[in-house]
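Single-structure report; data block below.
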Amino acid sequence: MNIPAHSARPLNVAVVGATGAVGVEIRQCLEESGLNLGEVRLLASPRSAGQKVPFAGGELVVQALDENSFHGIDYALFSAGSGISKQYAPAAVAAGAVVIDNSSAFRMEEAIPLVVPEVNPQAIPAKPGVIANPNCVAIIATVPLAALERRHRIRRLNIATYQASSGAGAAAMEELRAATAAYLAGEAYPPRVMKHPYAFNLFSHDAGINPDTGYNGEEEKVVEETRKILARPDLAISITCMRVPVLRAHTMAISVEFEEVVSPEAVKALLADAPGVRLVDDWAANHFPMPNEASGQGDVLVGRIRRDIGDPSGRSVALLLAGDQLLKGAALNAVQILQRLVG
């Protein structure tokens, strides 16, 4: 992940939701971080308590989460859903820990910073209690968008997402594997986690629809969080979120309309130097960002950089991007926030 080490003294870190899809990735990111770690306390539900999991060449035993789990902890990384975060984050803060929360529980609270380290590290206060890790789509999108916004003010975004099963958790990933195997074997596989058949299919993100706007909850989250991360509360954003049969990397097609005319060449030059971005833009080979190449690494891949011919004003540029939902979209971003805190 290429995360630099900074801490002078051993840090005691708790991982809440340590056995879930994101929790597993947080453990790996911590191992690879180079941080000076003291105790790493793995916390999960009672049914996971007692599990032994590998960590840094040894084993750690998963403990059951309760109100007293945070004594002696410096930083608590939460990834167990908003209900758990609302219930236990106050206990962690009261025990003296800084909480980095991967759920939606606190993201839109005015006093809680919503942080993508490449984008808005200045949002981290000197003495934080809770820092919110944004929605995976908002993280992956804002890494390249912020690099553009710094030089050329954005007027409007039009986004279509193609979201992997990992965004719905480990059970959804397993359903995709099982449904695909059943489909190839000619067997029926009734959906259990998703609302629709998943193998060789795609469908609208199944968050609830707002009857007043027609936008679903995922789309509303991305709009609100992107505005907060970029400090652009009135930024015009239209978005359609789709679920596709991919395991762990999200892909997005974005048309960016700027306040002035900006060439695709200028956009490409800015993105070539942007932290956390890797250009994949080979027109001759027709090689552009793909989820299989985005998976398992921490950069946001960006390509297909071209004039949006649907805007005759010349102010719009179209992009394709892909990023690992479990890493940059969740676990890696959380550990990078931790790095900023101790750096």
Side-chain angles (χ1 to χ4, degrees), residues 22 77-79 81-82 85-86 89 93 98-161 163 167 205 207-208 210 212-213 215-241 250 252 254-259 274-277 300 319 321 323 325 328-341:
V22 175
L77 281 62
F78 277 65
S79 189
S82 60
S85 294
K86 289 176 182 177
V93 172
V98 175
V99 169
I100 302 170
D101 181 49
N102 195 55
S103 80
S104 61
F106 308 108
R107 290 174 184 160
M108 294 312 297
E109 291 191 14
E110 186 174 355
I112 302 295
L114 186 66
V115 175
V116 180
E118 299 92 336
V119 177
N120 63 338
Q122 72 281 358
I124 301 175
K127 295 182 179 180
V130 176
I131 297 173
N133 207 33
N135 170 278
C136 47
V137 172
I139 294 173
I140 293 167
T142 56
V143 170
L145 290 175
L148 303 179
E149 166 76 6
R150 290 186 193 105
R151 290 291 298 274
H152 303 286
R153 187 174 174 85
I154 295 170
R155 173 181 286 184
R156 183 175 186 271
L157 299 171
N158 194 339
I159 305 172
T161 74
Q163 294 179 225
H205 193 288
N210 183 332
D212 294 327
T213 65
Y215 283 76
N216 65 42
E218 177 78 354
E219 293 158 351
E220 291 179 334
K221 282 182 192 176
V222 176
V223 170
E224 293 170 351
E225 294 181 29
T226 298
R227 288 170 172 166
K228 182 173 179 178
I229 294 163
L230 296 177
R232 291 287 311 280
D234 298 322
L235 180 61
I237 304 175
S238 178
I239 183 167
T240 301
C241 292
H250 290 350
M252 303 173 212
I254 304 180
S255 178
V256 185
E257 181 184 352
F258 298 97
E259 293 285 355
V277 171
V300 177
L319 315 169
L321 55 91
Q325 185 273 330
K328 186 54 190 171
L332 177 59
N333 199 73
V335 174
Q336 289 172 326
I337 291 170
L338 175 56
Q339 290 281 3
R340 289 279 181 168
L341 288 168

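- Residue Ile239 holds its CD1 atom at 10.0 Å from NE2 of His205, rounded to the nearest 0.5 Å.
- The structure places CG of Leu145 at 11.0 Å from CZ of Arg232, a figure rounded to the nearest 0.5 Å.
- Asn333 contributes a side-chain N or O that, together with a main-chain N or O of Val115, makes up a donor-acceptor pair within less than 3.5 Å.
- The backbone N or O of Ala105 sits less than 3.5 Å from a side-chain atom of Ser103, completing a donor-acceptor pair.
- A donor-acceptor pair is defined here as one N or O able to donate and one able to accept, closer than 3.5 Å; such a pair exists between the side chain of Glu219 and the backbone of Cys241.
- From Gln163, atom CD reaches atom SG of Cys136 across 6.0 Å, with rounding to the nearest 0.5 Å.
- Applying side-chain contact (heavy atoms from CB on, under 4.5 Å) to Val99 and the options Leu77, Val130, Ile131 leaves one that passes, Val130.
- The minimum heavy-atom distance between Leu321 and Pro144, with the atom names listed, is CD2-CG, 3.8 Å.
- Under the 3.5 Å distance criterion, the side-chain polar atoms of Thr142 are matched with a main-chain donor or acceptor of Ile139.
- When all heavy atoms of Ile229 and Ala138 are compared, the pair lying nearest together is CD1-CB, 4.0 Å.
- Residues Thr226 and Ile237 form a side-chain contact, since some pair of their non-hydrogen atoms from C-beta on lies under 4.5 Å apart.
- The shortest heavy-atom contact between Arg227 and Asp234 is NE-C, 4.4 Å.
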* To do: Assess whether side-chain contact (heavy atoms from CB on, under 4.5 Å) is satisfied between Gln339 and Ile337, documenting all intermediate values.
  => CA-CA 5 Å; Gln339 290 281 3; Ile337 291 170; over 6 Å; no

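- Between the side chain of Lys228 and the backbone N or O of Arg107 there is at least one donor-acceptor pair closer than 3.5 Å.
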* **Check against side-chain contact (heavy atoms from CB on, under 4.5 Å), Val93 and Val98** => CA-CA 6 Å; Val93 172; Val98 175; over 6 Å; no

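- Summarising the geometry of Glu118 relative to Gly276, their closest heavy-atom pair is OE2-CA, 4.1 Å, with the distance given to 0.1 Å.
- With hydrogens and angles ignored, the 3.5 Å screen pairs no side-chain donor or acceptor of Asp101 with any backbone N or O of Asn133.
- Without hydrogens or angle criteria, Gln336 side chain to Pro117 main chain gives no donor-acceptor distance under 3.5 Å.
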* To do: I would like to know whether Tyr215 and Ser238 meet side chain to side chain donor-acceptor pair (under 3.5 Å); could you show each step before the answer?
  => CA-CA 9 Å; Tyr215 283 76; Ser238 178; 3.2 Å; yes

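- A distance-only check finds no donor-acceptor pair linking the side chain of Asn120 to the backbone of Ala123 [under 3.5 Å].
- The two residues Val116 and Pro134 make their nearest non-hydrogen contact at CG2-CG, 3.8 Å.
- Between the CG atom in Leu235 and the CZ atom in Arg155 there is a gap of 11.5 Å [rounded to 0.5 Å].
- In this structure, Arg150 places its CZ atom where more than 12 heavy-atom neighbours from other residues, nucleotides or ligands lie under 6.0 Å away.
- A distance of 5.0 Å separates CG of Asn135 from CD of Glu225, quoted to the nearest 0.5 Å.
- For the atom pair Glu259 CD and Ile154 CD1, the distance stands at 10.0 Å (nearest 0.5 Å).
- Within the 4.5 Å cutoff, the side chain of Leu157 has heavy atoms near those of the Ile254 side chain.
- Looking at Asn102, its side chain never comes within 3.5 Å of a backbone N or O of Phe78 through a donor-acceptor pair.
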* To do: Might you work through the side-chain contact (heavy atoms from CB on, under 4.5 Å) test for Thr161 and His250, ending with a clear yes or no?
  => CA-CA 7 Å; Thr161 74; His250 290 350; over 6 Å; no

